[in-house]
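Note sheet for the following structure.
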Amino acid sequence: PCLINNTCAEENQYCRGYSHKRCVCQPGYRMNETTGICEDINECRERLVCDHYCINTLGSYICACRESFQLKSDKHTCQLRTDLSPTGAK
């Protein structure tokens, strides 16, 4: 249950609901049913979210690309960089 001021006692939780308010995990976290604590979801381990590299962060993740590639605006897909000059070109 939520506290009187619509907050939650545990970290990474927020109060949700109208007549039956309860604490739920913030996005990027999952409730551990044994401890009742919201734990970080490792999106990189659970599903394929990035083309090349996935870096798990607290509550989220970041995608990165291999050398000579750049991250597209969708923040998940990598594309070959077109601004690179051939080796030895002047």
Side-chain angles (χ1 to χ4, degrees):
C2 299
L3 302 175
I4 294 170
N5 59 354
N6 289 333
T7 60
C8 299
E10 298 296 330
E11 287 185 57
N12 306 313
Q13 293 183 353
Y14 67 96
C15 188
R16 184 170 74 183
Y18 296 102
S19 58
H20 299 289
K21 293 183 178 186
R22 63 187 182 102
C23 290
V24 295
C25 296
Q26 294 178 358
Y29 292 85
R30 179 184 303 124
M31 181 69 71
N32 179 318
E33 298 301 328
T34 304
T35 64
I37 295 174
C38 292
E39 297 176 345
D40 176 56
I41 297 170
N42 187 335
E43 295 85 356
C44 300
R45 283 196 183 141
E46 295 201 3
R47 61 186 190 275
L48 183 62
V49 291
C50 302
D51 261 5
H52 293 180
Y53 303 117
C54 184
I55 302 134
N56 188 55
T57 62
L58 286 176
S60 192
Y61 62 93
I62 299 169
C63 295
C65 301
R66 293 190 293 263
E67 190 175 345
S68 300
F69 287 81
Q70 65 185 17
L71 201 58
K72 291 176 68 174
S73 60
D74 65 8
K75 303 291 186 200
H76 293 87
T77 311
C78 296
Q79 68 182 14
L80 189 60
R81 290 180 58 178
T82 56
D83 61 341
L84 298 175
S85 58
T87 305
K90 293 186 179 183

Worked check of disulfide (SG to SG under 2.5 Å) between C8 and C15 | CA-CA 6 Å; C8 299; C15 188; 5.3 Å; no
List the steps, then state whether side-chain contact (heavy atoms from CB on, under 4.5 Å) holds for C25 with R30.
-> CA-CA 6 Å; C25 296; R30 179 184 303 124; 5.6 Å; no
Candidate pair L71 and C78, rule side-chain contact (heavy atoms from CB on, under 4.5 Å), full reasoning = CA-CA 5 Å; L71 201 58; C78 296; 4.3 Å; yes
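Partners of Y29 according to the ring pair (Phe, Tyr, Trp, His ring centres under 6.0 Å) rule, which considers only residues two or more places apart in sequence or in another chain, do not exist here.
For the atom pair CG (L58) and CG (N42), the distance works out to 10.5 Å, reported to the nearest 0.5 Å. Between the NE2 atom of H52 and the CD atom of E67 there is a distance of 12.5 Å, given to the nearest 0.5 Å. Atom-to-atom distance recorded for K21:NZ and L3:CG is 11.5 Å, nearest 0.5 angstrom. T34 contributes atom OG1, which lies 9.0 Å from atom CD of E39 (distance to the nearest 0.5 angstrom).
Under 4.0 Å is where a charged nitrogen must lie from a carboxylate oxygen, and between D83 and R81 at least one such pair does.
The SG atoms of C50 and C63 sit under 2.5 Å apart.
The two residues S68 and L80 make their nearest non-hydrogen contact at O-CD1, 3.2 Å. Contact between D74 and T77 at its shortest, heavy atoms only, is OD2-OG1, 2.5 Å. Between Q13 and C23, the closest heavy-atom pair is OE1-CB, 3.3 Å.
Applying the side chain to side chain donor-acceptor pair (under 3.5 Å) test between Y61 and each of H76, E46, E43, K75 identifies H76 as the sole match.
By the 4.5 Å heavy-atom criterion applied to side chains, R22 and R16 are counted as neighbours.
The closest donor-acceptor contact from the side chain of D40 to the backbone of G59 lies under 3.5 Å.
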